[in-house]
Amino acid sequence: MNAPVLVINCGSSSIKYALIDSDPQAPRLAGLAERLGGNDALLKGKNSDGESFTQPLPNADHTQALNAILERLEGRLPVAVGHRIVHGGEHFTQAALIDDSVIEAIETTAALAPLHNPANLAGIAATQKVFPTLPQVAVFDTAFHQTLPPQAYRYALPETLYTEHRIRRYGFHGTSHAYVSQRASELSSCGAGGWLTAHLGNGCSTSAVWNNQSQDTSMGLTPLEGLVMGTRSGDVDPGLHAHLHRQLGWSLDQIDTVLNKESGLLGLSGLTNDMREIETQALSGHAGAKLALEVFCYRIAKSLAALSCALPQLDGIIFTGGIGENSPTVRHRVLNLLPHFGFALDGEANEATTRGKEGKLDSANHTGPEVWVIPTDEEGRIAMETRHCVEALT
Ligand code: AMP
């Protein structure tokens, strides 16, 4: 199937899209409709000649935005639509062709991702109206981590919370961890061995991948567990919630907002959630920015060291995401905290690898585990899984 796949990532007031050919070199048409429902709603994107456009869509809903996107596809009609769905629970271990039973299962899982799954479902409904004859495929952020063994996915809580309420660790960023580990296994002579992956963007997570299967990951029931992120705290003492409630009288909603939106790099630095700004301010001596950078990198290193327990053998580490791909400082600091793993970072290669470059950062003649930067391609992976799912039907 060579014709393009339309990849849709639908939020409550936004639709990110990309039209992706099976030839990875072919130019992609991509863009974002945002502020949907408001009178300042917009569609922004790039044409195939690389020119940017901005089109006002006052008060447009998801269906109207998709119609506007359709007009921007320059006559290249997709043969299928792939939807990024945040939570597939335990139901989905791989991409699924969307039918009524799949929609019902995504609705059932919405309790685990109340902000995301309903928006994803709205995207499916709108897409079905605009492209009624196209096959639609759901690709789940959680699916790649469904290979975790119980020792990695179970919390030490009463059993009924798992058996009756499905409270367990699920993990997220699955398409990214899957893509970069698969790509490393193609590029490296180590093949599909043991890889630690660090997806470091506004959201951050690590994963241990053995033989192309996720063995453990830092995010859990929700995308709040694990690393320090832009505005998310990552791991805190579970006793914190009761403490804040009893001592400060905070409601659960307040606590949830603070941990998700006011913590992380922003909370520690008191400045910003943007790593570029944190690095600049840390260099000029800002105490909060310096601390934010230190805690951020320490927690990544600690997580990677912990996840190494899930691998029978460590062949390498992969950095990806906006920070992982672009910050030599973060990569250097993280690896400096793991001297016992035997990585050997080439300083020049590290500095030179930014802005979407793919590369191995090892010093010459190095024999320990490898260090890679692999720009993630979640949309490309969703398109590939969509294609496989549709091809399996024919
Ligand atoms: P993402 O969510 O993957 O788009 O990543 C966003 C994060 O990447 C933000 O914290 C940005 O500050 C960070 N980022 C982007 N470019 C750079 C850069 N050149 N150096 C450091 N951080 C960067």
Side-chain angles (χ1 to χ4, degrees), residues 7 9 11 14 16-18 28 30-32 34 44-46 84 86 115-116 141 172-181 183 197-207 217-219 223-224 226-234 260-284 286 288-300 318-336 345 347-359 361 372-382:
V7 174
N9 182 357
S14 67
K16 209 171 159 198
Y17 73 93
R28 292 180 183 183
L32 170 73
E34 57 186 353
K44 298 191 288 197
K46 279 200 174 152
R84 178 187 183 196
V86 168
L115 297 180
H116 293 104
D141 260 16
F172 298 86
H173 292 143
T175 45
S176 179
H177 293 293
Y179 172 78
V180 297
S181 54
R183 182 83 186 128
T197 53
H199 177 106
L200 310 175
N202 264 323
C204 300
S205 65
T206 46
S207 182
T217 188
S218 61
M219 284 178 167
L224 183 56
L227 305 178
V228 171
M229 310 181 212
T231 60
R232 282 174 251 171
S233 62
N260 276 291
K261 305 211 167 121
E262 297 168 15
S263 299
L265 293 174
L266 173 65
L268 280 166
S269 69
L271 284 175
T272 174
N273 62 335
D274 188 316
M275 181 52 85
R276 283 164 290 203
E277 181 70 9
I278 295 275
E279 287 185 12
T280 309
Q281 293 294 332
L283 269 180
S284 58
H286 186 283
K290 280 163 80 174
L291 181 69
L293 191 56
E294 272 159 22
V295 178
F296 182 79
C297 294
Y298 178 68
R299 290 274 292 274
I300 297 165
I318 306 159
F319 289 97
T320 193
I323 300 171
E325 292 163 29
N326 292 301
S327 174
T329 305
V330 168
R331 295 191 297 249
H332 174 77
R333 281 177 175 248
V334 168
L335 294 175
N336 256 359
L345 184 68
E348 267 179 40
N350 185 37
E351 290 299 325
T353 307
T354 55
R355 295 176 188 277
K357 268 201 229 157
E358 184 173 77
L361 306 186
W372 285 86
V373 174
I374 299 189
T376 196
D377 186 8
E378 290 170 281
E379 287 157 347
R381 173 90 191 184
I382 292 171

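Residues: numbered from 1 along the sequence shown. We count ligands from 1, going down the list as the structure has it; atoms in each ligand are counted the same way.
Looking at S233 and S263, their side chains never bring a donor and an acceptor atom within 3.5 Å of each other. In the model, T320 has no side-chain atom that pairs as donor or acceptor with a side-chain atom of H199 under 3.5 Å.
Within the structure, the closest approach of N273 to ligand 1 falls below 4.0 Å when heavy atoms are considered.
In terms of heavy atoms, L265 sits closest to V228 at N-CG1, 4.0 Å.
Side-chain contact check for H286 versus L271: some heavy-atom pair is nearer than 4.5 Å. With a 4.5 Å cut-off on side-chain heavy atoms, V7 and R84 do not count as touching.
For atom 4 (O) of ligand 1, the nearest protein heavy atom lies 4.0 Å or farther away.
Between E358 and R183 there is a salt bridge, since a side-chain N of the basic residue sits under 4.0 Å from a carboxylate O of the acidic one.
The contact set between ligand 1 and G201, taken as ligand atoms under 4.0 Å from a residue heavy atom, comprises 1 (P), 2 (O), 3 (O), 5 (O). Interface atoms of ligand 1 facing S327, defined by a heavy-atom separation under 4.0 Å, are 21 (C).
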(message) side chain to side chain contact (heavy atoms under 4.5 Å, CB included), that's the test. Do I318 and V373 meet it? Break it down for me.
(response) CA-CA 6 Å; I318 306 159; V373 174; over 6 Å; no
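When only non-hydrogen protein atoms are considered, atom 23 (C) of ligand 1 lies nearest to R276 CG, 3.6 Å. Looking at atom 9 (C) of ligand 1, its nearest protein heavy atom turns out to be M275 N, 4.1 Å.
With atom 15 (C) of ligand 1 as the reference point, the heavy atom nearest to it among G324, G322, G203, G230 is part of G322. Scanning N202, N326, I323 for the heavy atom closest to atom 13 (C) of ligand 1 points to I323.
Remark: ligand 1 and D274 share an N or O pair separated by less than 3.5 Å (distance only, no angle test).
At a heavy-atom distance under 4.0 Å, no atom of L200 approaches ligand 1.
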